[in-house]
Amino acid sequence: MGHKIAIYPGSFDPITYGHIDIIKRATVLFDEVIIAVALNISKKPLFSEAERMDMIREAVKDSPNIYVDSFRGLLVQYAREKGAQAVIRGLRAVSDFEYELQMAQVNRKLDENLITVFLMPHEKYSYLNSTIVKELAKFNGNISCFVPPHVEEKLIQKLRP
Ligand code: PNS
């Protein structure tokens with residue numbers, strides 16, 4: 001079957017326990033998982049490329065076969081360069097579905113050999129996203145159950161002057 005590589009792309013601004021849950025599931029299925037921070041997408045990130053990558057690295061440091069990288073431009077092009085067979089995306093709720101379906105279909109149109117694999121996080125993370133975590137952090141909400149301690153620390157530094 002060969003060495004199976006999956007790309008897990010996203011903004012990761014910042015990484016949450018929801019992302020980490022998906023990464024753990026992906027490592028069961030693939031020999032190698034590359035977490036790829038997407039740059040030059042239209043969203044304006046709170047954290048720099050280096051900050052986002054450092055926070056991911058720290059979160060997955062005890063897991064073998066996980067690599068952290070960043071990319072610019074098209075995901076299909078990047079996946080091809082890495083020799084990846086699959087793209088991982090997390091699906092939390094039906095509300096994610098339409099956008100994810102659209103992306104998966106566009107990516108398949110661009111490269112029919114690249115397979116999108118949807119994984120569902122544990123239901124305790126089904127309502128979680130980075131935007132909500134940033135909002136909570138800004139207004140002193142408790143975020144310790146949503147992000148690892150090192151990410152919580154960075155969020156507090158950045159958002160609570
Ligand atoms: O975490 P996000 O922001 O939902 O991730 C979205 C991401 C980065 C996966 C998506 O925007 C992407 O793949 N961008 C790279 C540009 C690209 O390939 N676009 C065509 C796919 S529709």
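Whatever order the structure lists them in is the order used to number ligands and atoms, beginning at 1.
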Novice: Apply side chain to side chain donor-acceptor pair (under 3.5 Å) to the pair Ser144 and Glu152, showing each step before the final yes or no.
Specialist: CA-CA 7 Å; Ser144 59; Glu152 184 177 2; 4.9 Å; no

Novice: Pairs under 3.5 angstrom, nitrogen or oxygen on both sides, ligand 1 versus protein: list them out, please.
Specialist:
unit_1	atom_1	unit_2	atom_2	d
ligand 1	1 (O)	Ser11	N	3.0
ligand 1	3 (O)	Ser11	OG	2.5
ligand 1	3 (O)	Lys43	NZ	2.6
ligand 1	4 (O)	Arg89	NH2	2.9
ligand 1	5 (O)	Arg89	NH1	3.2
ligand 1	18 (O)	Leu75	N	2.8

Novice: Would you mind listing every ring pair (Phe, Tyr, Trp, His ring centres under 6.0 Å) that reaches into residues 75-120, with sequence neighbours excluded?
Specialist: Phe71-Tyr78

Novice: Quick test of your reading of the model: are Glu51 and Lys154 salt-bridged, counting only N-O distances below 4.0 Å?
Specialist: yes

Novice: Rounded to the nearest 0.5 Å, how far does CG of Asp13 lie from NZ of Lys43?
Specialist: 8.5 Å

Novice: Under 4.5 Å between side-chain heavy atoms, chaining through other members, with only Ile, Leu, Val, Met, Phe, Trp and Tyr counted: pull out the rest of the cluster around Phe139, sorted by chain and number.
Specialist: none

Novice: Which pairs of donor and acceptor atoms, one on a side chain in residues 88-96, lie under 3.5 Å apart (sequence neighbours left out)?
Specialist:
unit_1	atom_1	unit_2	atom_2	d
Arg89	NE	Glu100	OE1	2.9
Arg89	NE	Glu100	OE2	3.4
Arg89	NH1	Pro9	O	3.0
Arg89	NH2	Glu100	OE2	2.8
Arg92	NE	Asp96	OD2	3.0
Arg92	NH1	Leu128	O	2.8
Arg92	NH2	Asp96	OD1	3.1
Asp96	OD2	Arg92	N	2.8

